[in-house]
Protein chains: 2
Amino acid sequence: MKTEKTTLMDIARRAGLSIGTVDRVLHNRGEVSRKSQEKVMQAIRDLGYEPNMHASLLSSGRQALIAVLIPSPASGPFWSLSEEGIGRAAQATAPLGVTIRKVDYDQTDLDDFRRAARQVLDMAPSGVVVAPMFRHETLGLVEELHRREIPFVFIDSKVENDSYLAYFGMPMYESGYLCGDLLTAGHAVGHLLIVRILSDRHGQSDPTASRREGFMDYLAEHSPGCRVSQVFIDPDDPAQTRQVLDDFFKENPEVRHIVMFNSRIYLIVPWLESNAGTERRVVGFDNLEANVEALTRGTVDILIAQHPDEQVALAVQALSDRAMLDREPARKDNFMHMDILTRYNVKYY
Amino acid sequence: MKTEKTTLMDIARRAGLSIGTVDRVLHNRGEVSRKSQEKVMQAIRDLGYEPNMHASLLSSGRQALIAVLIPSPASGPFWSLSEEGIGRAAQATAPLGVTIRKVDYDQTDLDDFRRAARQVLDMAPSGVVVAPMFRHETLGLVEELHRREIPFVFIDSKVENDSYLAYFGMPMYESGYLCGDLLTAGHAVGHLLIVRILSDRHGQSDPTASRREGFMDYLAEHSPGCRVSQVFIDPDDPAQTRQVLDDFFKENPEVRHIVMFNSRIYLIVPWLESNAGTERRVVGFDNLEANVEALTRGTVDILIAQHPDEQVALAVQALSDRAMLDREPARKDNFMHMDILTRYNVKYY
DNA sequence: AATTTTTCCGTTATCGTTAACGGAATTTTG
DNA sequence: CAAAATTCCGTTAACGATAACGGAAAAATT
């Protein structure tokens, strides 16, 4: 089986034209008569041409700059997970000629996001990864990107603009539903506790809202009589957290099931560990270092993780493929694994 | 920040030599005086040279042929999962100039493995992926590969030969331990059932033995008084399977927990579904199509999956990187995720 | 000292694609 | 019908690394 690669030269010969013309057809940059165009396309079809990516990239000297716009690790440990993903993506794509530049912003500071967005635009990247926190401003950004024909990829969540190249994230509603199953372990539960963050109480956009919905729907279907209590804690005030939990469990000592829908289950770990002795079932989200440690110690039973590092890596890969190889991602919307982590499998993640 | 790539020419100039000499140093193929050698290496250090992979690959016309030696899908559905992984790996590496050829063998037929091994050697590949089934013969093969300086990667399991480039597999003992936790859901269980395959009864090498060990150790630690029963079924005889289970549950109607350590939990699904009504907890391994269907229907509660497709893909990637880019894998032994699949998260895998 | 070897190094064609350049052929304009 | 403008196409020099080739210089052999 002689698999001699067919080259531009082969096609040119078969079409009775020159490689210059063939190249013009391939990149349809005009200056080719209809008749020649068809001859070339026929030859390509006949010979099954596959461009040589090395020759192409070498000759064109194509370079790509990909901007990654995410909340800064300083504004919470969740996003520091993605650092590693950026590193891996950088390593994988660097030899291709891709540079990755991270631009982070304070996820609680709208003005800072505006600044970061402007910075991204100013560097005229060939692709942008966006983790949206501010709906309205993100919309503005992506519209501008669309106008400039700069492809962009959403991770974690997305906003209502359809011109994105791809999206990588967790199915939120389903993760809540799954969480219900894991917390109750399939049994009926009489009374359980949801711990929430104080600032989300009146927050207009709680990103975990649909997760909570999925959870409640699971309960309604599988544990109909269940009573659901909520308490609100202040992430910056451990004393308040302790107080709130003390109060709740003094009144409701029978509650055995505790869940949080954001990534901050570690906030209640100190209380749990100083009030050990009761058998409890605790479920949280995301493999933050602090969460994983609590899981390993047995304070937390299950974490549902979405691995933001993988999301970033895939997002960068998609943009790199687009910029360097003109390849579109296989799927536009990519819902990622919901990994169930217990103390017994966590060390292999 | 001017990041003009430094080329061979830059180095040659700085060293006061020609690119020919620089190239000889880079690939240390001799014919260079000690003094020149050092001048070149100094220049490389000074300028921070990074070879241009496209120019290199284009010029050298390097090609790689990677052989994948795995049990045939016909000998059980487990290995057909890896097909997809081969496909993905092929797609990813083909543009680099890598061809992948699968060679499969009947995992119950020693002679067939010998034939397949010979076939692999005859095609003089630049790398081999091996899923070992026959210990002794695999040893023979890899020793020969080592002699011929052909790198190879183990997947699924490995044999006692240290010259492998990498290994990708599941930690078997730990997967059994995890399985114990998932089957009992952390509670004490009085009596449970392990279903095994008849042919493994006296089989000298049951690949799931250490998984069973991990399981038993979990029980000893967390459910000490638990009684463990075993039954043996014939995978080719549904009637026998039914009979065996009927008999067992007539005598032990109180048993609620069932587990299998190989990938064939689907074999007992028909019995489970025609004997529904009792609340049972069923745990198995691997995301075979039949298993996943049973999971979705609720007949099986949990699957622990190792995703052979990922293993193959990573193995091929490692060999491709080695053959085409002279890159060594980051880690030699790679233990993969143990994914916990329930009906609620399975569709995202 | 003349020769043969050996050591060492520079020159160069090549890989396949890209894109600038310029020229021929054709069409439009005056 | 000549001049000007288009349209269309072939030629060619990069891109950076590879490795074959041959030649100069040094060393070893007579």
Side-chain angles (χ1 to χ4, degrees), chain A residues 3-44 47-64 94-98 323-327, chain B residues 3-44 47-64 94-98 323-327:
Chain A
T3 331
E4 285 307 314
K5 287 274 166 200
T6 81
T7 72
L8 279 194
M9 195 58 212
D10 299 325
I11 295 179
R13 255 198 290 268
R14 180 174 248 261
L17 292 158
S18 78
I19 62 172
T21 306
V22 175
D23 187 64
R24 272 185 289 266
V25 171
L26 277 174
H27 299 81
N28 53 309
R29 49 182 161 91
E31 312 206 351
V32 178
S33 71
R34 169 156 299 286
K35 200 187 289 183
S36 301
Q37 166 119 338
E38 270 160 18
K39 275 199 275 188
V40 169
M41 296 204 317
Q42 186 58 47
I44 290 178
L47 300 179
Y49 173 71
E50 292 259 345
N52 181 318
M53 111 189 208
H54 301 304
S56 172
L57 256 11
L58 174 61
S59 173
S60 68
R62 225 177 303 181
Q63 300 263 109
L96 277 166
V98 178
M324 302 302 288
L325 311 176
D326 281 314
R327 275 197 222 143
Chain B
T3 333
E4 286 304 316
K5 287 272 168 203
T6 82
T7 73
L8 278 195
M9 195 56 211
D10 300 325
I11 294 179
R13 256 198 289 268
R14 179 173 249 263
L17 292 158
S18 78
I19 61 171
T21 307
V22 176
D23 188 63
R24 272 186 289 266
V25 172
L26 277 174
H27 299 81
N28 55 309
R29 48 181 161 93
E31 310 208 352
V32 178
S33 72
R34 170 157 297 286
K35 202 188 289 182
S36 300
Q37 165 118 339
E38 270 159 19
K39 275 199 275 189
V40 168
M41 298 203 318
Q42 186 56 47
I44 290 178
L47 300 180
Y49 173 70
E50 292 259 347
N52 182 318
M53 113 189 207
H54 301 303
S56 172
L57 256 11
L58 173 61
S59 172
S60 67
R62 226 177 302 181
Q63 300 262 108
L96 277 167
V98 178
M324 302 302 287
L325 311 176
D326 282 315
R327 275 199 222 142

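Atom set for the values below is all heavy atoms of this structure, side chains included, hydrogens, waters and symmetry mates excluded. Note on naming: letters A, B, ... go to the chains in the order of the sequence lines (proteins, then strands), and numbering restarts at 1 for each one.
- Within 4.0 Å (heavy atoms only), B:Ile19 reaches at least one base atom of the nucleic acid.
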Kindly list each side-chain donor-acceptor pair under 3.5 angstrom involving residues 32-40 of chain A, sequence neighbours excluded, with atom names and distances?
unit_1, atom_1, unit_2, atom_2, d
A:Ser33, OG, A:Ser36, N, 3.3
A:Ser33, OG, A:Ser36, OG, 3.0

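- Note on the helix from C:dA1-D:dT30 to C:dG30-D:dC1: angle between the axes of the first and last five pairs equals 50°, rounded to 10 degrees.
- Mapping B:Ser33 and A:Met53 onto DNA chain C via the closest heavy atom, the residue that lands nearer the 5' end is B:Ser33.
- Considering CG of B:Asn52 and CG of B:Leu8, their distance stands at 9.5 Å, rounded to 0.5 Å.
- A:Ile44 places none of its side-chain heavy atoms less than 4.5 Å from the side chain of A:Thr6.
- Taking every heavy atom of residues 23-31 of chain B and every atom of DNA chain D, pairs under 4.0 Å involve B:Asp23, B:His27, B:Arg29, by number.
- Applying the side-chain hydrogen bond (donor to acceptor under 3.5 Å, both in side chains) criterion to B:Ser56, with sequence neighbours excluded, gives B:Arg62.
- In this structure, B:Arg62 atom CZ and D:dA17 atom C1' are separated by 10 Å, rounded to whole Å.
- Take B:Ala64 and apply the side chain to side chain contact (heavy atoms under 4.5 Å, CB included) test, not counting sequence neighbours, and it matches B:Val98, B:Ser126, B:Ala323, B:Met324.
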Contacts under 3.5 Å, N or O only, protein and nucleotides 14-16 of chain D:
unit_1, atom_1, unit_2, atom_2, d
D:dC15, O2, A:Ser59, N, 3.3
D:dG16, N2, B:Ala55, O, 3.3

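- Nucleotides of DNA chain C that come within less than 4.0 Å of any heavy atom of chain A span, from the 5' end to the 3' end, C:dG16 to C:dA19.
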Side-chain donor-acceptor contacts of residues 12-27 of chain B below 3.5 Å, not counting sequence neighbours, with atom names and distances?
unit_1, atom_1, unit_2, atom_2, d
B:Arg14, NH1, B:Asp46, OD2, 2.5
B:Ser18, OG, B:Gly20, N, 3.4
B:Asp23, OD1, B:His27, ND1, 3.3
B:Asp23, OD2, B:Arg29, NH2, 2.3
B:His27, ND1, B:Asp23, O, 3.1

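- In this structure A:Pro95 satisfies the side chain to side chain contact (heavy atoms under 4.5 Å, CB included) test together with B:Met53, B:Arg327, sequence neighbours excluded.
- If you check every strand for non-hydrogen atoms under 4.0 Å, B:Gly61 touches nothing.
- A:Gln42 CD: more than 12 foreign heavy atoms inside a 6.0 Å radius.
- The stretch residues 34-44 of chain A comes close to DNA chain D through A:Ser36, each having a heavy atom under 4.0 Å from the strand.
- With sequence neighbours excluded, the residues satisfying side chain to side chain contact (heavy atoms under 4.5 Å, CB included) with A:Thr7 are A:Met9, A:Asp10.
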